[in-house]
Amino acid sequence: MTSLAAELSRIAGEAFAAEGLAESFGRVAASDRPDLAQFQCNGALAAAKAAKANPRAIAEKIAVRLKAEPIFAKVEIAGPGFLNLNLADAALSARAAALATDDTLGAPGTGTGKTVVIDFGGPNVAKPMHVGHLRSSIIGDCLQRLYRANGWKVVSDVHLGDWGLQMGQLISEVEIEGVAPVYFDPNVVGPYSDDSPVSMDDLEILYPRASAACKADPARLEAARRATVDLQAGRAGYRALWRHFVKVSERGLEREFAALGVKFDLWNGESSVDALIPPMLDDLKTRGLAEISEGALVVPVAREDDKKPMPPLILVKSEGGVLYGTTDLATVIERVRNYDPTLILYVVDHRQHGHFEQVFRAAARGDLSGKAQLEHVGYGTMNGTDGKPFKTRAGGVMKLHDLIAMAKTEAEKRLGEQGIGADFSAEERSEIARKVGIATIKFADLSNHRTTDYIFDLERFSKFEGKTGPYLQYAAVRVQSMLRKAKEQGASIGIPSVHSAEERRLILQLLSLGDMLAAAEDKRAPNMLCEYAFELAQNFSRFYNEHHVLSEPDPALRAARLGLCALVLAALTWVLDLLGIEVPERM
RNA sequence: GCACCCGUAGCUCAGCUGGAUAGAGUGUCGCCCUCCGAAGGCGAAGGUCGCAGGUUCGAAUCCUGCCGGGUGCGCCA
């Protein structure tokens, strides 16, 4: 179904058109001044500016036409030419009734027939996930849920970091440690054991050791570079060892993502496009797009009008290794070939903006992206309460696993303080705490605007008061509880309609859900979902405070109000689901 | 040095394709539970929207300069 605002815009647009003005001036949106009206149209001001006419006079003409429309209960002109509009309650009620039977709750269907590839998560092989991966994972997951809700075909790809210098660092470290000499024996070409010579715990020790050694010693770094080149060139022992690294790491990562409730369609990585790289390089060289510069093969991407230096995208390093820019470019080719998407989103830390600009420009120069628009969906840093990047108390990198555990512990503490679930089983209490802990983290992260840094304050985010994940879960549980009671009492659930100011307000917000989803998609802005969910909970509380539903003596009115409660619950649960937040049965 | 992002209430943040009295949470101070879960609702106080110019009938929003903070700038990811 088309959104209410869209329908009103169409009606107003026709009024402008009938006056010989552009239809686009008819854009109607929720009013900035809810005390004055439900909706507003500011088109008369813009039209007057364009036509050098009197805005008030234009507004008068439009108002005359709009007053003839039965959908409006009020059409007023205010100030220099604002059109303030209220709807007839009958129209609102009809819309609410239609919404109550709409499984999609007014989702806009903006993605019908379109495919989007979303690249997020981006964990690295051999490294445990840390808080740096948190934002990519939960923002990316929210976007994939949102795009699906809006009708897109979504292909999500975790895009493992499994092919760069860090792999060479690890391989050379294993060689130095001497823990698996067979993989380095030039006289052995396999077959190799199916069992990994290293565990995830080993890798977590080996990688930082290798990384530090390479930083300290140029010769050690050189060995890592050589190992990288050999791995990428296909040396059998290195490939076998590397496959163990990947497999071992994936098992750990799957657990981490499961704990977060994040799923991917593809578990591809940088290495997945290995075979595509040589033909891509040949093609780019043949077409004169790639050239040798300072010993490396590069694609120049600088443009005349650049205001800043724009280094070329390096495809092959002087010693022969490929970089993540190379795999990113080849991955564009792969995704276009496999899915022909209209959009590819990269949910990656905003510090990598320059990298993506290079890749996107190179893709454009090579005409590699088909019809796809490539877009870097950047995000800011998660900081500690000191305003600096989030660290453990000891000053180290906080693992994601530990952060989730902290949030769950905090949730348990809060639930205990509130006496929630005192009579539930230990298992159920634990499960509730898990859901609340995840909600704490996700809502805190997603409610901040994506591009800005934010301060992670567990103390504040885990509160049940205010704009928090736990509060919204509680609000949803409360409505569930009421509907359960209604069912026990045998009360029938009817069709929502307007009988009071509180219901009117609630229904108006419910009818704007589709517009919010479209806007959130357009801006790739999860915080709009958070804002909506919180406002919905607030509007419900006002309604709930004012009208005692279950004790309402008029059965028809009670049924209508229960219908409204059911609709609110459906909308709230759905938006929370898009945020990746689960609502417990009870709490 | 150059480029990008940010500077909004005591604190944490929305709002930014220009529009009416700049919003929310939190904190502070008042009210409101014989009734569906008060983890709530209603109200008050709190702002030169970093500073200075400019465009406009109209600027938190667009442009320029400055100050303050963050980030990035060729073989890491």
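By convention in this document, chain letters (A, B, ...) are assigned in the order of the sequence lines, proteins followed by strands, and residues within each chain are numbered from 1.
- Put simply, A:Tyr471 has no side-chain N or O that comes within less than 4.0 Å of OP1 or OP2 on B:G25.
- In this structure, the side chain of A:Thr381 does not engage the main chain of A:Pro389 through any donor-acceptor pair within 3.5 Å.
- For A:Phe456 and A:Phe390, the distance between ring centers is under 6.0 angstrom.
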Can I get a per-line list of side-chain donor-acceptor pairs under 3.5 Å for residues 211-227 of chain A, giving both atom names and the distance, sequence neighbours left out?
residue: A:Asp217; atom: OD1; partner: A:Ala219; partner atom: N; Å: 2.9
residue: A:Arg220; atom: NH1; partner: A:Ser172; partner atom: OG; Å: 3.0
residue: A:Arg220; atom: NH2; partner: A:Gln169; partner atom: O; Å: 3.3
residue: A:Arg220; atom: NH2; partner: A:Ser172; partner atom: OG; Å: 3.2
residue: A:Arg220; atom: NH2; partner: A:Glu173; partner atom: OE1; Å: 2.8

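- Within 4.0 Å of A:Leu313, counting heavy atoms only, lies no atom of the nucleic acid at all.
- The salt bridge (Lys or Arg N to Asp or Glu O under 4.0 Å) search around A:Asp554 returns none, not counting sequence neighbours.
- Listed by first and then second residue, the side-chain hydrogen bond (donor to acceptor under 3.5 Å, both in side chains) pairs involving residues 312-327 of chain A are A:Tyr324-A:Gln352, A:Tyr324-A:His355 (not counting sequence neighbours).
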>> Protein within reach of the bases, or only the backbone? For nucleotides 9-16 of chain B, mark each nucleotide 5' to 3' as B, S or -, using heavy atoms under 4.0 Å.
In response: ---SSSS-
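- Between A:Phe534 and B:G25, no base-stacking contact is recorded for ring centres under 5.5 Å apart and planes less than 30° from parallel.
- Put simply, A:Gln169 has no side-chain N or O that comes within less than 4.0 Å of OP1 or OP2 on B:A77.
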Polar atom pairs (N or O), protein with nucleotides 71-73 of chain B, under 3.5 Å:
none

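- Here B:C4 presents its C1' atom at 14 Å from CG of A:Asp349, a figure rounded to the nearest Å.
- For B:A20, the base has a donor-acceptor partner in the side chain of A:Asn84 [N/O atoms by modelled type, under 3.5 angstrom].
- Among the protein residues, A:Leu165 comes within range of the sugar-phosphate backbone only, with heavy atoms under 4.0 Å from sugar or phosphate atoms but none that close to a base.
- For A:Asn42, taking side-chain heavy atoms from C-beta onward, the closest of the listed nucleotides B:G19, B:G37, B:C36 is B:G19.
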What side-chain donor-acceptor pairs closer than 3.5 Å can you find for residues 34-48 of chain A, not counting sequence neighbours?
residue: A:Asp35; atom: OD1; partner: A:Arg33; partner atom: NE; Å: 3.1
residue: A:Asp35; atom: OD2; partner: A:Arg33; partner atom: NH2; Å: 2.9
residue: A:Gln38; atom: OE1; partner: A:Leu87; partner atom: N; Å: 2.8
residue: A:Gln40; atom: NE2; partner: A:Asp32; partner atom: OD1; Å: 3.4
residue: A:Gln40; atom: NE2; partner: A:Asp32; partner atom: OD2; Å: 3.0

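- Judged as a salt bridge (Lys or Arg N to Asp or Glu O under 4.0 Å), and not counting sequence neighbours, A:Lys49 has no contacts.
- On a pure distance criterion of 3.5 Å, a polar donor-acceptor pair joins the side chain of A:Gln40 and the base of B:A20.
- Residue contacts shown for A:Gly79 are absent, as no nucleic acid heavy atom lies under 4.0 Å away.
- In this structure, A:Arg225 reaches the sugar-phosphate backbone alone: every heavy-atom distance under 4.0 Å involves primed, P, OP1 or OP2 atoms, never a base.
- Listed by chain and number, the residues in a salt bridge (Lys or Arg N to Asp or Glu O under 4.0 Å) with A:Asp423 amount to none (sequence neighbours excluded).
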> Could you write out RNA chain B as a dot-bracket string, with dots for unpaired bases, | for bases paired across to another strand, and Watson-Crick or G-U pairs counted at under 3.5 Å?
Replying inline: (((((((..((((.....[...)))).(((((.......))))).....(((((..]....))))))))))))....
Using a cut-off of under 3.5 Å, enumerate the N/O to N/O pairs linking the protein to nucleotides 56-65 of chain B.
residue: B:G58; atom: O6; partner: A:Lys49; partner atom: NZ; Å: 2.4

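- Shortest non-hydrogen contact noted between A:Phe461 and A:Thr440 is O-CG2, 3.5 Å.
- For the salt bridge (Lys or Arg N to Asp or Glu O under 4.0 Å) test, residues two or more places apart in sequence or in another chain that qualify with A:Arg351 are A:Asp349.
- Counting any heavy atom pair closer than 4.0 Å across all strands shown, A:Ser293 reaches a base atom.
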All N/O pairs under 3.5 Å across the protein-nucleotides 31-35 of chain B interface:
residue: B:C35; atom: O2'; partner: A:His548; partner atom: NE2; Å: 2.7

